[in-house]
Protein chains: 2
Amino acid sequence: MVVDQLKTKPSDAETDRLFHALADATRRDIVARVTAGEYSVSGLTALYAMSFAAVQKHVAVLERASLVTKEKRGREQIVRGNHEGLQKARHLLDQLEMIWRQRAGRIADILAEDDERDLP
Amino acid sequence: MVVDQLKTKPSDAETDRLFHALADATRRDIVARVTAGEYSVSGLTALYAMSFAAVQKHVAVLERASLVTKEKRGREQIVRGNHEGLQKARHLLDQLEMIWRQRAGRIADILAEDDERDLP
DNA sequence: CTGATCTACAACCATTTGGTTGTACGATAT
DNA sequence: ATATCGTACAACCAAATGGTTGTAGATCAG
């Protein structure tokens with residue numbers, strides 16, 4: 001099932017790649033652009049003050065992190081946003097969020113126990 | 001207002017620090033541990049196969065990313081999870097998610113226009 | 001066919017990262 | 001008082017990062 005893929009915990013290496021890919025302003029901008037529309041690699045290069053090869057490397061990093069996909073069209077390579085990577089990242093943050101809420105819950109429990117102790 | 005702090009877009013450098021901090025398995029584990037409970041830096045060191053100084057550096061990276069806080073207690077430094085960083089990270093992913101949904105919306109619009117063209 | 005465009009990839013370089021060891025210092029326990 | 005514990009920080013090192021230039025292969029336009 002597709003759901004299984006979401007519930008499957010990504011490997012550490014996968015997660016490393018994901019967050020590392022997001023830890024760069026240029027790459028985040030690329031993700032936003034190609035999620036909103038289609039860009040070739042050279043189309044993206046026009047947007048930034050860096051060489052084609054540099055952008056190419058950024059796209060490769062994003063691709064390895066499942067945040068974008070590339071598809072050959074004629075002599076161009078079309079880059080598109082890939083929802084899968086984003087969902088993975090959100091899922092991982094959700095897990096940390098759950099740990100936080102569990103802790104908050106335990107604290108509430110402890111306070112409740114204290115209250116009980118105060119009862120007659 | 002507190003709400004303003006959440007709505008304020010974090011700087012690129014802040015976001016870089018955040019995702020970079022999360023892009024390491026040891027650091028993610030530290031975040032999970034100190035979110036669930038309290039640990040001193042040397043208490044954390046006992047958990048990993050690396051030197052005290054290495055763990056100290058990881059904690060420093062997490063602290064700069066607002067993912068943990070440190071508080072001196074006696075001769076120990078207590079590390080605690082900081083919800084602020086997590087929320088920031090989730091907010092940033094939410095923004096990308098929004099771009100995705102907007103695009104999905106536009107595609108639906110385009111399909112709807114095509115349908116209209118087909119009408120008499 | 002020829003030339004221009006888009007891509008891939010290697011080689012190189014400066015900086016950052018993630019680890020180490022070693023030294024120093026305040027807080028604690030004996 | 002002294003030894004030990006927890007921390008801070010500097011110096012060092014290998015590997016990874018983020019950028020460059022240069023070369024070469026496909027694809028398209030004229």
Side-chain angles (χ1 to χ4, degrees), chain A residues 11-34 37-80 82 85, chain B residues 11-34 37-80 82 85:
Chain A
S11 71
D12 280 355
E14 236 179 319
T15 311
D16 288 0
R17 267 179 269 138
L18 233 184
F19 285 123
H20 170 252
L22 289 170
D24 179 283
T26 302
R27 285 197 290 264
R28 286 192 300 275
D29 192 69
I30 291 177
V31 170
R33 303 257 192 185
V34 303
E38 282 185 358
Y39 281 85
S40 67
V41 179
S42 50
L44 285 170
T45 301
L47 301 173
Y48 310 106
M50 67 183 73
S51 69
F52 173 84
V55 174
Q56 208 176 17
K57 284 191 186 179
H58 281 306
V59 171
V61 169
L62 291 170
E63 197 181 14
R64 264 180 272 132
S66 309
L67 281 166
V68 307
T69 60
K70 279 194 310 185
E71 189 196 346
K72 209 167 183 172
R73 194 164 71 192
R75 66 183 155 185
E76 295 187 330
Q77 199 80 253
I78 303 299
V79 185
R80 293 196 185 81
N82 184 5
Chain B
S11 71
D12 279 354
E14 237 179 318
T15 311
D16 287 0
R17 267 178 269 138
L18 234 183
F19 285 123
H20 171 252
L22 289 169
D24 179 282
T26 302
R27 284 197 292 264
R28 285 192 301 275
D29 193 70
I30 291 177
V31 170
R33 303 255 192 187
V34 302
E38 282 185 358
Y39 282 85
S40 68
V41 179
S42 50
L44 286 171
T45 301
L47 302 172
Y48 310 106
M50 66 182 74
S51 68
F52 173 83
V55 174
Q56 209 176 18
K57 283 190 188 183
H58 280 308
V59 171
V61 169
L62 291 169
E63 197 181 14
R64 264 179 273 132
S66 310
L67 281 166
V68 307
T69 60
K70 279 195 310 187
E71 188 195 346
K72 208 165 184 171
R73 195 163 70 192
R75 66 182 155 185
E76 295 187 329
Q77 199 79 255
I78 303 299
V79 185
R80 292 196 185 82
N82 184 6

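By convention in this document, chain letters (A, B, ...) are assigned in the order of the sequence lines, proteins followed by strands, and residues within each chain are numbered from 1. Computed from a prediction, not measured in an experiment: that's the story for all the values here.
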Quick check on DNA chain D: between Ala49(A) and Ser42(B), whose nearest nucleotide comes earlier from the 5' end? Ser42(B)
Between Ala54(B) and Arg64(B), whichever has its closest DNA chain C nucleotide further toward 5' is Arg64(B)
Hey, does Arg73(B) reach any base, or is it just sugar-phosphate, or nothing, if we go heavy atoms under 4.0 Å? nothing
Roughly, in whole Å, what's the span from CG in Asp24(B) to P in dA16(D)? 14 Å
Among Val59(A), Leu47(A), Thr45(A), find the one that has a side chain to side chain contact (heavy atoms under 4.5 Å, CB included) with Tyr39(A). Leu47(A)
Under the 3.5 angstrom rule, does the side chain of Arg28(A) hit a backbone N or O of Leu22(A) as a donor-acceptor pair? yes
For the side chain of Arg75(A) and the base of dT7(C), is some donor closer than 3.5 Å to an acceptor across the two? no
Answer yes or no: does a side-chain N or O of Lys70(B) lie under 4.0 Å from OP1 or OP2 of dA8(D)? yes
Side chain of Gln56(A) only, heavy atoms from C-beta on: which candidate in dG18(C), dT17(D), dT7(C) is closest? dT7(C)
Determine yes or no for a side-chain-to-main-chain donor-acceptor pair under 3.5 angstrom, with Arg27(B) supplying the side chain and His20(B) the backbone. yes
Rounding to an integer number of Å, can you tell me how far Glu71(A) CD sits from dC6(C) P? 18 Å
Length of the line joining Phe52(A):CZ and dC9(C):P, which is rounded to integer Å: 11 Å
For dG18(C), does either OP1 or OP2 sit under 4.0 Å from a side-chain N or O belonging to His20(A)? no
Looking across every strand, which nucleic acid part, if any, lies under 4.0 Å from Thr26(B) by heavy atom: base, sugar-phosphate, or nothing? nothing
Lys57(A) near the nucleic acid: base, sugar-phosphate alone, or nothing, with a heavy-atom cut-off under 4.0 Å? base
Would you kindly give the CG-to-P distance between Leu62(A) and dG18(D), to the nearest whole Å? 11 Å
Over how many whole Å does the gap from Asp16(B) atom CG to dG18(D) atom C1' extend? 12 Å
Whole-Å distance separating the CG atom of Asp12(A) from the P atom of dG18(C): 14 Å
Phosphate OP1/OP2 of dT17(C) contacted by His58(B) side-chain N/O (<4.0 Å): no
Taking dG18(D), dT21(D), dT20(C) as options, the one with an atom nearest any side-chain atom of Ala53(A) is dT21(D)
For the side chain of Glu63(B) and the backbone of Thr69(B), is there at least one donor-acceptor N/O pair under 3.5 Å apart? no
Whole Å only: how far is the CE atom of Met50(B) from the P atom of dT20(C)? 7 Å
Write down the distance between NZ (Lys72(B)) and C1' (dA27(C)), rounded to a whole number of angstrom. 9 Å
Distance check: side-chain N/O of Gln77(A) vs OP1/OP2 of dC6(C), anything under 4.0 Å? no
Would you kindly compare Val61(A) and Gly43(B) by the position of their nearest DNA chain D nucleotide and give the one closer to the 5′ end? Gly43(B)
Contacts of Ser66(B) that satisfy side-chain contact (heavy atoms from CB on, under 4.5 Å) - sequence neighbours left out: Asn82(B), Glu84(B), Lys88(B)
Closest to the Arg27(B) side chain: dT20(D), dT7(C), dG18(C)? dG18(C)
For dT20(C), does either OP1 or OP2 sit under 4.0 Å from a side-chain N or O belonging to Ser51(B)? yes
Evaluate Val61(A) against His58(A) for side chain to side chain contact (heavy atoms under 4.5 Å, CB included), listing each step before the verdict. CA-CA 5 Å; Val61(A) 169; His58(A) 281 306; 5.6 Å; no
